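Only one structure is covered here, and it is reproduced in the block below.
In this text the structure is predicted, and so the values were computed from the model without any measurement. We use all heavy atoms of the structure for the numbers below, so side chains are in, but hydrogens, waters and symmetry mates are not. Protein chains get the first letters and strands the later ones, always in sequence-line order, with residue 1 at the start of each.
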Amino acid sequence: MKEYNPKSIEAKWQKIWDDNKVFAARIDTPEDKAKKKFYALIEFPYPSGQGLHVGHPRSNTAMDIISRKRRLEGYNVLFPIGWDAFGLPTENYAIKNKVHPAIVTEKNIAHFKDQLKRLGFSFDWDREIDTTDPDYYKWTQWIFLKLFEQGLAYKSKMPINWCTECKVGLANEEVVNGVCERCGAQVIRVERSQWMLKITEYAQKLIDGLDDVDFIEKVKIQQRNWIGRSEGAEVDFYVPAIDEKLTVYTTRPDTLFGATYMVVSPEDPVIDKVKDIISNYDEVAAYKAEAAKKSDFERTELVKDKTGVQLKGIYAVNPVNGKEIPIWTSDYVLVSYGTGKIMAVPAHDDRDWAFAKKFGLDIIEVVAGGDVQNAAFTDIESGVMVNSGFLDGLSVKEAKVKIIDWLVDKGVGIRKVNYKLRDWVFSRQRYWGEPIPIVICDHCGYVPVPEDQLPVKLPDVESYVQTDTGESPLVNVPEWVNTTCPKCGRPAKRETDTMPQWAGSSWYFIRYCDPHNKDEYISKEAMDYWMPVDWYNGGMEHTTLHLLYSRFWHKFLYNQGLISCPEPYQKRTSHGMILGENGEKMSKSRGNVINPDDIVDEIGADSFRLYEMFMGAFDQAIPWSTQGAKGCYRFLERVWKMQDFLTEEEEISEALKADVHTTIKKVTEDYEKMKFNTAIAALMSLVNSIYACGKLSKGDFKAFLLLLNPVAPHITEELWEICNIDSAPLYKAKWPEYDEKAMVKANVEIVVQICGKVKAKIVIPTGLDKDATQAAALADSKVKEIVGNSQIKKVIVVPGRLVNIVI
RNA sequence: GCGGAUGUGGUGGAAUGGCAGACACGCUGGUCUUAGGAACCAGUCCGAGAGGGUGUGGGUUCGACUCCCACCAUCCGCACCA
């Protein structure tokens, strides 16, 4: 027997798989199409300069296991790979080192590809895509134009999140704790004209669609929370001084009788309108200026301490009782949610209560059950309406229905659903992104670039740095910017903003089905066969970003009749992070980064993959342990040496046979549930049993190799070949099946408890009935001794498991 | 504050109503060795033992890591969303 040499084995099989295109997904022949399809997807990597980190292989290996298992089960499997290559780090690197981002990208991709190939993933490399390839982003631009045609892409001057460091506008999703998700610099609000995508139009569809897909529950919950649907009413408050209605949004219309003042956000246009009417405009204007200066971070920091100014000299009329209430402005009311105005009910809302206490405003109880002078009473389950005219005596729930009917009837309010979700800021003032295919014409406005002129390619520029005003470096390329209007033919300018990183990844799973199509973004044939993705694994950090954005694009395409399924992903799972050996998040600055290359060099890809799957529960964060990885290498060495155990015997023992079948069942089921750690533990146990026997039949070895193959594909193929398990290679074999009958052993050990404490163990024949089991337990000498003369009150028998005697 | 999770040996974890600690890592002792950071063998929850033991306190049950109630701790996400 040769020594186990992972390096040569792995190189050998990777070449065989490649040369024979073993993992190519095809629908060329009727036989291909007759097969059941399985589309497995991982989030395509961003090819950063640092190369692959150990997080990538965790997701990749998991889906590789599922894909390999599916192939052995006879499915036609699509398991593609590509590059999400537009983005800031590459651009920043390009700026610093004065290299074209395309060259940096090419270099990084080559490095990533090399690293991934060494790990032996069964990707279909013929379908490799790259979001920065004009042949790819042509279709990204094409989809943008579809959105534009339907009015879902629009330009709007609005306050956006501006990163002071990256000098770039950010989506809400990219702002974390008031700082830039990427660089950590402060984010401030600035007014800018931006391209926006109307994801809000799909808010309800994005919620509803979750009912029809198999996503892990926490993903669904997080998406629902992020979209933030709430039901309530809009109510009009008349303001006599300007003869206008101010409309507020509330989820508690039942508390309308308790509204003692009104608050508008500092940005509300009504402030301008009352400029000459109110007596303290200077004070209000100063407050407004102060609020505008505050960054989001400062605004959230001051959560507890409420500020505000009354608009003195005017009041609003509560439609339900004609009461005149003061109007205030405060930054605890957000311009971007609801109507930007609220009715304040301090008795039943914590924020209003804090504000009212600070400024000495009235607190009127309208729901009985609390002590509203000491704290807001916000329980909506138990309260009964009081001080509320025709609502008195009703429950909160009943009052809600009745008041809305009343408001609608009187024409002073409507039922209203609101969402926290905002439209998606889609412009970036950066170079390394897809150009937005729009021409700005003084006469015609925003004019889409005609389809036959796509792609609008990125021109070369001298410098990738934004201008001082924060515009895209593309403005410095006059020969590119200056063009003619496709509509009227007069001189016009190209849009210089580019798309955000999220654009290319919002539809890449569609392109994988038909990556080389020059005429369409996907053919009908490929779409009908491959879509939707059957199983998508990825990180939780993408739940409210990529995962939501791509569902939005997909639903839009579905609405346009451009794709045949309403949801892109049938199933979504998520892996836990791999931490450094010290239990902290892996990062360069902490110096705890593990490079997969080093591990593969030392113990090989199979051991590396095995350890990544064995280290712990797949969905939990787990610290890396290089020692643990070496333990997996030891296991594979033991597997390697099993070739010496092979005998001509067909069955070694009944017990081993039962072990093999039990393991087939366990491993088959555990892989499906992504319980890779216990599947591998079962395989290790089986190896321990085989070692105890010291011999092994070919049939048992065959089953074992197939079970281990998805995790450790190289060593299993090699052993299959050298032990001559079959004339065809393992990758052409069939997944093993288990026989329930073979899993049953002749005898079984059961536990005898006395009053719930284990006192003895007895071996009885399998299948013994309750009475016989009980008799066997009572006949045991140790049991007899303990029971003695005590009276037996009760005996519980669980056949095949235990007997519990209560005395 | 709201939402979600997690809590078991020295470590990663297993067991989802039926023998707690499977499977590994580490450690201890041994075999072989010039050597061992290799390989193999034995041991390894605590306790001398009876017995005790899954964050804490209660409950349900013949029986609870598992189910119920209350609490504590840690992690993650969202956060003035009316």
Next item on the list: Enumerate, in order of first residue number, the stems that involve RNA chain B, defined as 3 or more consecutive Watson-Crick or G-U wobble pairs with both distances under 3.5 Å.
Entry: B:1-7 with B:72-78, B:10-12 with B:23-25, B:26-31 with B:39-44, B:55-59 with B:67-71
Margin query: Quick check: any donor-acceptor pair below 3.5 Å linking the side-chain of A:Lys794 to the base of B:C62?
Written below: no
Next item on the list: Not counting sequence neighbours, which residues clear ring-ring contact (aromatic ring centres under 6.0 Å, His included) with A:Phe608? List them please.
Entry: A:Trp624
Note to self: Taking side-chain contact (heavy atoms from CB on, under 4.5 Å) as the definition, give me every residue that meets it alongside A:Arg590, ordered by chain and number, with sequence neighbours left out.
What the structure shows: A:Glu584, A:Lys585, A:Ser587, A:Asn592
Next item on the list: Using a 90° cut-off around 0 for syn, call B:G9 syn or anti.
Entry: syn
Margin query: Regarding A:Arg252 and A:Asp254, does a basic nitrogen lie under 4.0 Å from an acidic carboxylate oxygen?
Written below: yes
Using a cut-off of under 3.5 Å, enumerate the N/O to N/O pairs linking the protein to nucleotides 46-53 of chain B.
none

Next item on the list: Applying side chain to side chain contact (heavy atoms under 4.5 Å, CB included), run through A:Val345 and A:Thr260 and close with a yes or a no.
Entry: CA-CA 6 Å; A:Val345 185; A:Thr260 55; over 6 Å; no
Check: Who pairs with A:Phe359 by ring-ring contact (aromatic ring centres under 6.0 Å, His included), at least two apart in sequence or on another chain?
Finding: A:Trp328, A:Phe355
Notebook entry, point to check: Reading nucleotides 11-18 of chain B 5' to 3', which nucleotides get B (base under 4.0 Å from a protein heavy atom), which S (sugar-phosphate only), which -?
Noted result: -BSSS--B
Next item on the list: Would you please name every residue forming a ring-ring contact (aromatic ring centres under 6.0 Å, His included) with A:Tyr633, sequence neighbours left out?
Entry: A:Tyr4
Can you pull every protein N or O that's under 3.5 Å from an N or O on nucleotides 26-32 of chain B?
unit_1 : atom_1 : unit_2   : atom_2 : d
B:G26  : OP1    : A:Gln627 : OE1    : 2.3
B:G26  : OP2    : A:Arg634 : NH2    : 3.1

Check: Which pairs count as side-chain hydrogen bond (donor to acceptor under 3.5 Å, both in side chains) when at least one residue sits in residues 333-344 of chain A, sequence neighbours excluded?
Finding: A:Ser230-A:Tyr337, A:Asp268-A:Lys341, A:Ser336-A:Arg422
Item checked: Partner residues of A:Lys665 under the side-chain contact (heavy atoms from CB on, under 4.5 Å) criterion, sequence neighbours left out -> A:Glu669, A:Tyr738, A:Glu740, A:Met743
Checklist line | ring-ring contact (aromatic ring centres under 6.0 Å, His included) partners of A:Phe676, counting only residues at least two apart | finding: A:Phe618
Notebook entry, point to check: With sequence neighbours excluded, what pairs up with A:Lys2 under the side-chain contact (heavy atoms from CB on, under 4.5 Å) test?
Noted result: none
Note to self: What I want to check is whether the side chains of A:Tyr419 and A:Gln204 have a donor and an acceptor closer together than 3.5 Å.
What the structure shows: yes
Check: So, A:Glu43 and A:His542: side-chain donor and acceptor under 3.5 Å apart, yes or no?
Finding: yes
Next item on the list: Assess whether one donor atom and one acceptor atom, taken from the side chain of A:Lys793 and the base of B:C62, lie less than 3.5 Å apart.
Entry: no
